[in-house]
Amino acid sequence: MSQTASSPNADPTGDGVPPHRYTPALAQQLELAWQARWEAEGTFATPNPVGRLSEGFERVAHLPKAFVMDMFPYPSGAGLHVGHPLGYLGTDVTSRFLRMDGHNVLHPMGYDAFGLPAEQFAVQTGQHPRVTTEANITAIRAQLRRLGLDYDQRRTFATIDPGYYKWTQWIFLQIFGSWFDDRAGRARPIEELVAELGAGTRTPAPGTNPSGRPWTELDDVERQKVVDAHRLAYLHQAPVNWCPGLGTVLSNEEVTADGRSERGNFPVFRRPLTQWMMRITAYADRLLDDLDRLDWSDSLKLMQRNWIGRSTGARIGFSCGSETVEVFTTRPDTLFGATYMVLAPEHPLVATLTASAWPDGTDPRWTGGAATPAEAVAEYQRQASRRSDMDRQAEGREKTGVWLGVTAVNPVNGRELPVFIADYVLTGYGTGAIMAVPGEDTRDWEFAEAFGLPVVRTVQPPEDFDGGAYTGPGPMINSANDELSLDGLDKTTAIEKITAWLVAHGSGEATTTYKLRDWLFSRQRYWGEPFPIVYDENDLPIAVPDSMLPVLLPEVDDYSPRTFADDDADSVPVPPLSRAAEWTTVELDLGDGPLTYRRETNTMPNWAGSCWYYLRYLDPGDDARMVDPELEEYWLGPRSEGDVGGVDLYVGGLEHAVLHLLYARFWHKVLHDLGHVSSEEPFRRLINQGYISAHAYTDERGFYVAASEVVEKDGAYFHEGRPVTREYGKMGKSLKNVVTPDEMIGAYGADTFRVYEMSTGPLEQSRPWETKAVVGSQRLLQRIWRVVVDEETGAVRAADVDPAEDTLRALHRTIAGVRDGLGTLRFNIAIARITELTNHLTSAYGATSPVPRSVVEPLTLLVAPLAPHIAEELWSRLGHDDSLAWHQFPVADERWLVEDTVEVAVQVNGKVRAQVTVPADSDAQALEAAARKDERIAGYLDGATVRRVVAVPGRLVNFVLG
RNA sequence: GCGGGAGUGGUGUAACGGCAGCCACGCCAGACUUAGGAUCUGGUGCCUUCGGGCGUGCGGGUUCGAAUCCCGCCUCCCGCACCA
């Protein structure tokens, strides 16, 4: 190998650069050569224990496995900037380190390629999205390959490959083909539900059997509808987030707090529509509880916890005329303080409850200025539907609402509570109705203030409390009826007691609610996975048999869904696939002879493909199975009793905290319940890599100027001689501050780029990009090169000479430090230790003296995970034929980590006053004695009273004077 | 508003409760050079009367000893945002 990359630097100008210096040109030359060799030799082919990728497994069979991966990229046409590879480099360094440190490492990469940008580009140009997507993938693959990443290329795939989305569809059918058994707390095949319903050992779940007649009396279609309503993937007519500007519906997660699309920032409207839903709410408890078993950051877990939003409390019924209004509350203990009720404007009982006329003497604040309750309600509902989606934020928290003209009865004391509608109560949470306790709830207090409603305090505030609602702890007051008194109790006890009373009187029960909603799974788009679903003559959904998968995306003339004016709330979705007339109608024999069916024309959301791709890396070519259970067990299975299993290290951005990461966990748990995977979680350990930001500059008009052309002078910044203002933000086209890896590789080589990017901080830390600092990493690699190769002659300087003791100590300290840094993803520490050793060798051995082989060989291996090309080249020049990728990583020798003597600080009253050198194993007494002998210390102690002496062996001595 | 995280030289950062600032950028000086935006060597927290003093956002506390632990405050970043 060394022959291919050892040609001396051309020196036509005689500019004094030594002919064998590690220059950018040489770096590039040897990087390309090593990348070619790795590929030709299949250096990074990871053997599976069984199957078609198992060649060479015997070599690693005895080793522990490590599955390391990144969140795969979406192949955008813009290519990568220097921020993108940060995580990829982190996993690459880790993967290379673990491989050298005795692991069978799986480090794959793929492409998340369905999605909106390719489709929008296709809509504009008429180019098939597959063409542009595949071109983008090719370009990004080339960029990544040039970084020297150690992917097993045999395992690469894209979510748009029919051989992949066949199994995405298969998993959909698994989810469609199952239901969640609440008693067992897990998913089971739907056939088992049918059997239990037929056997009478189970009755339909609440809300699944609209007719209410027994199962045995239902006809086939009715039965099918009951069964369908139990499925984990089910059709549901419900208000959805319809985005006319995008021509599609969106999941709750894709809608921002101010009611706009996360992508494109178009207005989003709530409108009823029949769509596919995924019953992720069935898994809310497991998704929440199992977070405790994951090695994820606390902040990320917290984001998922908040998103799932479990709260425990009680459901309480308030009778209102002939109806009962159910509310959810986390504070049933405050029931005696309820003085009014509020329903969400969209609450289904609003129309029924609304009175025909205002009673005499109705407070004008309660009527909204309308002549009748019905008019007031209609007008308020109209406003609320607009306001809730358009500009709730701008409205602030000012409380609005109208009275329905009726009262409900507080079950605990018979008090008449006026019933309002107000938009501060949300239809989607709890029951969409609340009991209002202004004394102990800030929002209720504000509403009560605005509407002149009474306040009854049921928790005793502290004496000095002068605020409105009191939400703190305190003894219960004013809370007793003939049968029950909560007075004097604390909150927890009071909740128990009131809940028991409510249950006994049939007025309520303890319950749990979640913020998490079921996952809207239909999109009116072209560039996504088609559903493997057809509809029969009854419009009932039927699974396409596994044998007919994949359901391929048909060709269409027009890729766009029909889009509408941004604010056209009444528009109706028209998916592109509905235009493929010869595709939407299909004749199939599903066991009853050939019949005509209608295909589902929605496609799956972008998240589907990323929900399970980690499983497919195990063998993307397997056409018979989603994943071989034996491979899943080996790479992902639990390692011990109670272990959740999963990918050993997953690195990606925090922007996926509640979308991808929640959906993937959900799918994985379903697959686990159905027996397809042994692991309970997809990602055992997860790291959020930081972002790379960059400075950006605006001229006096406020326009961004190319950051690369800005020069600094005396602390001010100039573009073409004119002063500019420095800002700081995400790297991107609009800020004109993009730096690409290609530019950096062109200027310095991939190894320098890798080392620089890894040296700027721990992987999880966000950091600014600073091109001018990259040269420091270049200098480091140059010095390392110079330690091994004589720059003038090209001769290898390594020789079989014994290193001096201080060099040996430096080496082993470095080994320990580098192992620590690489093992904890603090690559900056590893690089600092390598720099120290290199600087030590440079000053100890100069530019030409022989350098001990026993030091430079380990140094080369230490560098290898970070700068693999230069390390391979040096390793080769040191006389090794094989790649060092599989060579044992150096292990520090304890003997050289302990010093014979140590310098110990001597403090007087906590201030360092002297240093003494003592044998490393000196005990406290010896330490104190040595410290007292020091002249300066003796001076301090002279005439003073030593009250106390703290002597910590190996650390310091502290004299405390009185 | 609620929740979480973070504040250390000009900059990125480092420091088992034990000598604050490893390593690097930048800057200063020097060497080699016709030249330096290459390379190498040295210096570089602040103040100083050269004895030393002061320094980890601010103020308290615990401790022989605090960047580190505790309490309060300030600032910045992130998430959620009327979630009953």
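Residue numbering restarts at 1 for every chain, and letters A, B, ... go by the order of the sequence lines.
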Of the listed nucleotides A15(B), C22(B), A84(B), the one nearest the side chain of Ser311(A): A84(B)
Parallel, tilted or perpendicular: ring planes of Trp769(A) versus Tyr756(A), cut at 30 and 60 degrees: perpendicular
Sugar-phosphate, base or nothing in reach of Ser759(A), heavy atoms under 4.0 Å: nothing
Paired nucleotide for C46(B) [Watson-Crick or G-U wobble; both distances under 3.5 Å]: G53(B)
Separation of the P atoms in G12(B) and A66(B), to the nearest angstrom: 27 Å
Gap between atoms CG and P, on Asn909(A) and G53(B) respectively (whole Å): 12 Å
Residue closer to the 5' end of RNA chain B, Gln907(A) versus Glu836(A) (nearest nucleotide): Gln907(A)
G26(B) to G37(B) separation - C1' atoms, rounded to the nearest Å: 14 Å
Asp423(A) side chain, from C-beta outward: closest of A84(B), C82(B), C78(B): C82(B)
Closest to the Asn828(A) side chain, choosing from A14(B), C80(B), A15(B): A14(B)
Candidates C64(B), C25(B), U41(B) - which lies nearest the side chain of Thr842(A): U41(B)
Complementary nucleotide for U34(B) - Watson-Crick or wobble, under 3.5 Å: none
Pair assignment for A29(B), Watson-Crick or G-U wobble, requiring both distances under 3.5 Å: U41(B)
Short side-chain N/O contact to C22(B) OP1/OP2 from Arg813(A), under 4.0 Å: no
Closest nucleotide among G52(B), C80(B), C22(B) to the Arg936(A) side chain: G52(B)
Side-chain N,O (Arg948(A)) to OP1/OP2 (C64(B)) below 4.0 Å: yes
Strand partner of G7(B), provided both Watson-Crick or wobble distances fall under 3.5 Å: C74(B)
base_contact_polar (C64(B) base, Arg947(A) side chain, donor-acceptor, <3.5 Å): no
Atom pair distance, as rounded to whole Å: CZ in Arg783(A) and P in U41(B): 7 Å
Length of the NZ-C1' vector between Lys772(A) and G10(B), whole Å: 10 Å
Proximal nucleotide (of C19(B), A14(B), G18(B)) relative to the Ala905(A) side chain: C19(B)
Between C22(B) and G59(B) - P atom distance, rounded Å: 26 Å
Contact under 4.0 Å: Arg786(A) side-chain N or O vs U39(B) OP1/OP2: no
salt_bridge(Asp934(A), Arg936(A)) N-O dist < 4.0 Å: no
Rounded distance [0.5 Å steps], OG in Ser777(A) versus CD1 in Ile831(A): 6.5 Å
Distance between P atoms of C82(B) and A15(B) (Å, rounded): 41 Å
Among C23(B), G18(B), G26(B), the nucleotide that comes nearest once only the side chain of Asn958(A) is considered: G18(B)
G9(B), syn or anti by chi within 90 degrees of zero: syn
Sequence neighbours excluded - side chain to side chain donor-acceptor pair (under 3.5 Å) pairs with any residue from residues 819-831 of chain A: Asp101(A)-Arg819(A), Asp820(A)-Arg826(A), Thr824(A)-Arg826(A)
P atoms of U8(B) and C69(B), separation to the nearest Å: 15 Å
Spacing of Leu781(A) atom CG relative to A24(B) atom C1', expressed in whole Å: 13 Å
Sugar-phosphate only, base, or nothing, as touched by Val952(A) at under 4.0 Å among non-hydrogen atoms: base
Closest to side chain of Arg21(A), choosing from U39(B), U41(B), U11(B): U39(B)
Base orientation of G12(B), syn vs anti, 90° cut from 0: anti
Partner nucleotide of C80(B) by Watson-Crick or wobble geometry (both distances under 3.5 Å): G1(B)
Minimal non-hydrogen separation, Arg797(A) against Tyr845(A), with atom names: NH2-O, 3.1 Å
Sugar-phosphate only, base, or nothing, as touched by Leu302(A) at under 4.0 Å among non-hydrogen atoms: sugar-phosphate
Separation of the P atoms in G3(B) and C54(B), to the nearest angstrom: 39 Å
Result of checking Asp441(A), Thr339(A), Val327(A) against Met435(A) for side-chain contact (heavy atoms from CB on, under 4.5 Å): Val327(A)
Distance-only donor-acceptor test (3.5 Å): side chain Gln915(A), base C19(B): yes
Watson-Crick or G-U wobble mate for U68(B), both contacts under 3.5 Å: none
Spacing between Ile308(A) atom CD1 and G79(B) atom P, to the nearest angstrom: 18 Å
Asn839(A) side chain near A24(B) phosphate (N/O to OP1/OP2, under 4.0 Å): yes
Nucleotide forming a Watson-Crick or wobble pair with C19(B), both distances under 3.5 Å: none
Distance test, side-chain N/O of Arg826(A) to OP1/OP2 of A15(B), below 4.0 Å: yes
Exercise: identify the closest heavy-atom pair between Phe336(A) and Thr458(A): C-CG2, 3.8 Å
U44(B) to A24(B) separation - C1' atoms, rounded to the nearest Å: 14 Å
5' priority, RNA chain B, between Pro762(A) and Val774(A) [closest heavy atom]: Pro762(A)
Interatomic distance where CG belongs to Leu837(A) and P belongs to C23(B) [whole Å]: 13 Å
Ring center gap for Tyr340(A) and Phe451(A) short of 6.0 angstrom: no
Side chain of Lys911(A) - closest among C54(B), C40(B), C16(B): C54(B)
Spacing of Asn688(A) atom CG relative to G79(B) atom C1', expressed in whole Å: 12 Å
C50(B) to C64(B) separation - C1' atoms, rounded to the nearest Å: 30 Å
Pi-cation contact, Tyr429(A) with Lys515(A) (under 6.0 Å, within 45°): no
Below 3.5 Å, can you tabulate the donor-acceptor pairs from side chains in residues 686-694 of chain A to any protein atom, sequence neighbours excluded?
unit_1, atom_1, unit_2, atom_2, d
Asn688(A), ND2, Gly652(A), O, 3.1
Gln689(A), OE1, Gly652(A), N, 3.4
Gln689(A), OE1, Gly653(A), N, 3.4
Tyr691(A), OH, Glu655(A), OE1, 2.4

Value in whole Å for how far the C1' atom of G18(B) lies from CZ of Arg913(A): 16 Å
Which nucleotide in C23(B), U11(B), A38(B) has an atom nearest any side-chain atom of Arg779(A): A38(B)
